S.K.: 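Handing you this structure, nothing more for now.
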Amino acid sequence: MRQLKMMLPVIWISLLAGCSTNAPLQEMSKDGKSTAELMRQGVPESKSLQSEESMKKELQAYNYNPYTRDVMSETDMLFPMLPNPSLVMYVYPHISHSGVPVPGYATSFKLYETDHYALPGER
């Protein structure tokens, strides 16, 4: 508690010193356009924006398909999926352990738990 009482004046002095300044206040100039006039005027387009737009049009006009890689076909060609056949199982109608009738149904599942892929050039 005693340390807090001793630190309190130091805290007050540092706060007051931080808020004071010797810099003169600068007045805003009165001779200029108002904010409303500037907003009505709009922003003029620069030449850099116009050149960017023309570059975009040129890029869109050129066909880059021969140079573009298709990830799906590339992955399929490099790492083909090994066969994992689906097995179909038919469950006949039956009575469950709790005495409820269960209608017959078909279900399918994969032979292997996970799909496996061949290494490049392995297949």
Side-chain angles (χ1 to χ4, degrees):
M1 185 72 168
R2 186 172 182 203
Q3 290 176 347
L4 182 63
K5 287 182 182 179
M6 292 182 73
M7 292 295 290
L8 198 56
V10 174
I11 294 172
W12 278 105
I13 291 171
S14 63
L15 285 174
L16 290 175
C19 294
S20 67
T21 181
N22 290 338
L25 294 175
Q26 297 176 352
E27 292 186 18
M28 293 177 63
S29 63
K30 303 278 183 185
D31 53 321
K33 294 183 179 180
S34 68
T35 305
E37 290 172 349
L38 289 173
M39 293 299 286
R40 275 190 230 109
Q41 178 183 345
V43 180
E45 287 191 29
S46 66
K47 291 183 180 179
S48 64
L49 289 176
Q50 292 172 354
S51 64
E52 286 178 17
E53 289 176 5
S54 63
M55 281 179 56
K56 284 181 184 177
K57 287 179 185 176
E58 289 175 11
L59 290 174
Q60 290 173 353
Y62 189 76
N63 183 12
Y64 285 98
N65 286 341
Y67 303 104
T68 306
R69 293 166 48 174
D70 184 12
V71 177
M72 289 305 293
S73 64
E74 192 171 291
T75 304
D76 288 345
M77 288 188 307
L78 285 177
F79 302 99
M81 187 181 291
L82 295 175
N84 188 4
S86 294
L87 301 176
V88 179
M89 181 178 80
Y90 181 75
V91 179
Y92 289 98
H94 61 279
I95 304 287
S96 70
H97 294 291
S98 60
V100 178
V102 178
Y105 60 93
T107 183
S108 67
F109 53 91
K110 298 280 188 177
L111 182 61
Y112 304 109
E113 289 182 13
T114 58
D115 290 326
H116 297 282
Y117 297 89
L119 295 175
E122 194 174 46
R123 191 164 182 199

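Note: hydrogens, waters and symmetry copies are ignored here, and every other heavy atom, side chains too, is used. The model shown is predicted, which means the values in this text are computed figures rather than measured ones.
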S.K.: Throw together a table of side-chain donor-acceptor distances under 3.5 angstrom for residues 97-106, partners on residues two or more places apart or in other chains.
M.R.:
| unit_1 | atom_1 | unit_2 | atom_2 | d |
| --- | --- | --- | --- | --- |
| Ser98 | OG | Ser96 | OG | 3.2 |

S.K.: Do Tyr117 and Leu111 share a hydrophobic cluster (ILVMFWY, side-chain heavy atoms under 4.5 Å, transitive)?
M.R.: no

S.K.: Which residues pass the side-chain hydrogen bond (donor to acceptor under 3.5 Å, both in side chains) test with Ser86, sequence neighbours left out?
M.R.: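 Counting only residues at least two positions away or on another chain, Ser86 forms no side-chain hydrogen bond (donor to acceptor under 3.5 Å, both in side chains).
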
S.K.: Test of understanding: with side-chain contact (heavy atoms from CB on, under 4.5 Å), list the residues that count as partners of Glu113, not counting sequence neighbours.
M.R.: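 Expected list: none.
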
S.K.: Going by ring-ring contact (aromatic ring centres under 6.0 Å, His included), name the residues that satisfy it together with Tyr90, two or more places apart in sequence or in a different chain.
M.R.: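 If we apply the ring-ring contact (aromatic ring centres under 6.0 Å, His included) test to Tyr90, skipping adjacent residues, the hits are Tyr92.
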
S.K.: Which ILVMFWY residues are connected to Val88, directly or by a chain of links, through side-chain heavy atoms under 4.5 Å apart?
M.R.: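 Members besides Val88: none; it forms no cluster.
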
S.K.: Going by the rule side-chain hydrogen bond (donor to acceptor under 3.5 Å, both in side chains), which residues pair with Thr107 if we only count those two or more places apart in sequence or in a different chain?
M.R.: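 Here no residue qualifies.
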
S.K.: Taking all non-hydrogen atoms of both residues, which atom of Asp115 and which atom of Asn84 are closest, and how far apart?
M.R.: OD1-ND2, 3.1 Å

